[in-house]
Protein chains: 2
Amino acid sequence: MSHIMIRINRELLQYITELQDSGITCETYGPGEEIIGQKKRVLSVRIVKSGIVKCYLTEDNGNDFIQEFFGEGEIFGEIEVLNGNPSFCALETITDTEVCKIPGDRFGELLQTDKKFNELILKALASKVHYTAIRHSYHQSHAIEDNLLRLKKQFPRLIDVIAKRDIANYLGVTLRSLNRTINGMRNKGI
Amino acid sequence: MSHIMIRINRELLQYITELQDSGITCETYGPGEEIIGQKKRVLSVRIVKSGIVKCYLTEDNGNDFIQEFFGEGEIFGEIEVLNGNPSFCALETITDTEVCKIPGDRFGELLQTDKKFNELILKALASKVHYTAIRHSYHQSHAIEDNLLRLKKQFPRLIDVIAKRDIANYLGVTLRSLNRTINGMRNKGI
DNA sequence: CATAATATGGGACAAATGTCCTTTTTCATT
DNA sequence: AATGAAAAAGGACATTTGTCCCATATTATG
């Protein structure tokens with residue numbers, strides 16, 4: 001549960017890694033590749049083995065809003081496979097990335113037959129609800145500066161790893177505002 | 001999936017209603033009662049039979065932020081029971097309310113033994129992730145007026161049923177800003 | 001290496017939102 | 001009907017954030 005901004009789920013990653021299942025395959029991506037497009041059908045569930053993937057949503061007015069950064073063990077596509085909707089987010093790698101790919105029907109079978117897997121997925125979903133709720137609440141009720149301080153505390157290498165534009169889109173503010181805030185903090189010696 | 005602001009889950013409600021289970025009891029509340037306090041231990045999962053419950057979070061700076069309004073069939077407490085954390089939200093009735101109460105251990109048993117129940121909970125969780133993601137993204141990237149229009153479209157009786165303060169806290173803005181926006185819309189004849 | 005594309009940084013001004021405070025309205029209770 | 005508490009409404013001003021634009025770095029690529 002270390003840095004919350006880039007979500008990880010070691011328990012799930014370990015379980016999936018140890019699960020010898022011929023249906024589960026591995027994919028590799030370079031930086032900046034799109035894994036799933038917004039509004040596309042989702043046929044497989046994926047779990048990050050290594051790397052960072054951003055999960056974002058482009059609004060009708062052209063603004064991008066980043067929902068989450070997925071790190072090791074984080075799962076995506078499961079929401080869509082479960083309820084049969086097209087993807088509401090786009091998924092794009094930030095760094096070099098490896099993912100496990102579980103076909104949708106195999107995912108359904110595992111949920112039914114593997115109690116431990118079922119439990120891990122329930123917990124992963126509960127965790128997503130929990131953290132997004134806390135994050136959005138914090139964002140809505142605090143100034144940009146507070147949010148930045150919180151992120152840096154969680155993840156000191158933030159500015160080296162994540163592009164400014166992405167940080168701004170994650171906080172739901174403009175790049176200009178983010179820069180202004182960083183400047184203000186520098187002047188105050190933070 | 002009708003009005004999204006006040007979330008409902010008919011399928012789950014129906015299933016729970018038809019499930020004859022001696023462990024599941026019923027509770028009734030008047031308006032404005034607290035069902036679960038923030039940071040309290042949660043020992044039971046609850047499902048709304050009738051009424052509206054607000055799920056909100058008080059930040060360190062005293063701001064309240066409303067996560068969701070739960071209507072018929074919506075479940076709460078399941079996140080906490082699943083991962084064993086204290087409640088991150090407070091739950092408070094808005095109208096007269098009836099809820100089904102499922103003790104945590106019984107909830108765990110049902111998940112293990114009742115495939116249909118398990119599936120409904122998985123879908124309910126997936127749905128929560130889906131809708132909160134979409135809502136927060138919309139809120140962050142649109143002006144108050146757009147958000148209000150969206151809410152009114154989803155739920156025309158909004159202003160009659162939900163207090164202004166609650167609408168403001170749901171949108172993550174101040175009451176003053178909300179009033180100003182409503183005024184501006186009136187002048188424009190919206 | 002040259003050039004283009006992209007990321008970063010910031011000035012000047014406009015617009016949106018928040019803060020503080022006062023007034024009015026509504027509504028429950030005596 | 002009288003009173004008080006809570007909800008709603010809004011004036012005046014401060015602050016924050018956004019928009020538009022341009023300049024400078026940095027990186028990718030032919």
Side-chain angles (χ1 to χ4, degrees), chain A residues 30-34 52 54 56 59-66 92-96 136-150 152 157-188 190, chain B residues 30-34 54 56 59-66 92-96 136-152 157-188 190:
Chain A
E33 284 193 66
E34 183 174 89
I52 300 176
K54 76 172 168 183
Y56 70 103
E59 289 287 344
D60 47 13
N61 58 15
N63 289 341
D64 282 355
F65 180 72
I66 296 183
E92 188 182 307
T93 57
I94 289 189
T95 62
D96 283 309
H136 288 130
S137 175
Y138 197 90
H139 284 184
Q140 291 272 12
S141 32
H142 291 81
I144 301 177
E145 182 170 319
D146 294 327
N147 278 296
L148 249 189
L149 283 172
R150 180 163 169 271
K152 274 186 163 175
R157 295 194 310 126
L158 179 69
I159 299 196
D160 307 321
V161 178
I162 311 286
K164 287 276 168 72
R165 161 116 272 146
D166 283 344
I167 298 176
N169 287 342
Y170 180 73
L171 292 175
V173 300
T174 60
L175 189 50
R176 182 69 191 89
S177 299
L178 179 66
N179 274 325
R180 191 157 30 210
T181 304
I182 291 174
N183 234 314
M185 290 165 73
R186 198 165 22 230
N187 292 337
K188 282 192 276 178
I190 302 181
Chain B
E33 286 193 63
E34 183 174 271
K54 76 172 170 183
Y56 70 101
E59 288 287 345
D60 47 13
N61 57 15
N63 289 340
D64 281 355
F65 180 72
I66 296 184
E92 187 181 308
T93 58
I94 289 189
T95 63
D96 282 310
H136 288 130
S137 175
Y138 197 90
H139 284 184
Q140 292 272 11
S141 34
H142 291 81
I144 300 178
E145 182 170 318
D146 295 327
N147 279 296
L148 249 189
L149 284 172
R150 181 162 169 272
L151 291 189
K152 275 186 162 177
R157 296 194 310 125
L158 178 70
I159 299 195
D160 307 321
V161 179
I162 311 286
K164 288 277 170 69
R165 161 114 273 147
D166 283 345
I167 298 176
N169 286 342
Y170 180 72
L171 292 176
V173 300
T174 61
L175 189 49
R176 183 69 191 91
S177 300
L178 179 66
N179 274 325
R180 194 159 25 214
T181 303
I182 291 175
N183 234 314
M185 290 165 74
R186 198 166 21 232
N187 292 337
K188 283 193 275 179
I190 300 180

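All chains are named by letter (A, B, ...) in the order of the sequence lines, taking the proteins before the strands, and each is independently numbered beginning at 1.
We find that B:Lys188 and B:Glu145 are joined by a salt bridge, their nearest charged nitrogen and carboxylate oxygen being less than 4.0 Å apart.
One can place CG of A:Leu171 at 10 Å from P of D:dG18, the figure rounded to the nearest angstrom. Between the CE atom of B:Met185 and the P atom of C:dA16 there is a distance of 14 Å, rounded to whole Å. Atom C1' of nucleotide C:dA16 and atom CD of B:Glu145 are separated by 12 Å, given to the nearest angstrom. Here D:dT17 presents its C1' atom at 16 Å from NE2 of A:His139, a figure rounded to the nearest Å. Atom CG of B:Asp160 and atom C1' of D:dA7 are 15 Å apart (whole Å). Taking atom CG on B:Asp166 and atom C1' on D:dA8, their separation rounds to 13 Å, with Å as the unit. Regarding A:Ile167, its CD1 atom lies at a distance of 8 Å from the P atom of C:dT8, rounded to whole Å. The interatomic distance linking B:Ile159 (CD1) with D:dA9 (C1') rounds to 13 Å, in whole Å.
Backbone-only contact: A:Arg165 has heavy atoms under 4.0 Å from sugar-phosphate atoms and none from a base. Across all strands, B:Leu175 comes closer than 4.0 Å to no nucleic acid atom at all (heavy-atom distances).
A:Glu92 and A:Tyr56 share a side-chain donor-acceptor pair at under 3.5 Å. When only modelled atom types and interatomic distance are considered, B:Asp60 and A:His142 share a side-chain donor-acceptor pair under 3.5 Å.
A sub-4.0 Å separation between OP1 or OP2 of D:dA9 and a side-chain N or O of B:Asn183 is absent.
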| Stepwise, does the side chain to side chain contact (heavy atoms under 4.5 Å, CB included) test hold for A:Asp64 with A:Arg165? | CA-CA 10 Å; A:Asp64 282 355; A:Arg165 161 116 272 146; over 6 Å; no
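For B:Ser177, counting side-chain heavy atoms from C-beta on, the closest listed nucleotide (D:dA9, C:dA12, C:dT17) is C:dT17. Of the listed nucleotides (C:dT8, D:dT19, D:dT17), D:dT17 has the atom at the smallest distance from the side chain of A:Ile144. The side chain of B:Arg176 lies closest to D:dG10 when the candidates are C:dG11, C:dT8, D:dG10. When distances run from any side-chain atom of B:Asn179 to the nucleotides C:dG10, D:dG18, D:dG10, the shortest one goes to D:dG10.
For A:Arg180 against C:dG9, a side-chain-to-base donor-acceptor contact under 3.5 Å is absent.
Checking A:Gln140 against A:Lys164, the closest nucleotide of DNA chain C that is more toward the 5' end is the one next to A:Lys164. Nearest-nucleotide mapping onto DNA chain D: of A:Ala143 and B:Ile182, the residue sitting toward the 5' end is B:Ile182. Comparing B:Ala163 and A:Thr181, the nucleotide of DNA chain D nearest to each residue sits closer to the 5' end for B:Ala163.
The shortest non-hydrogen separation linking A:Glu59 to B:Tyr138 is OE2-N, 3.3 Å.
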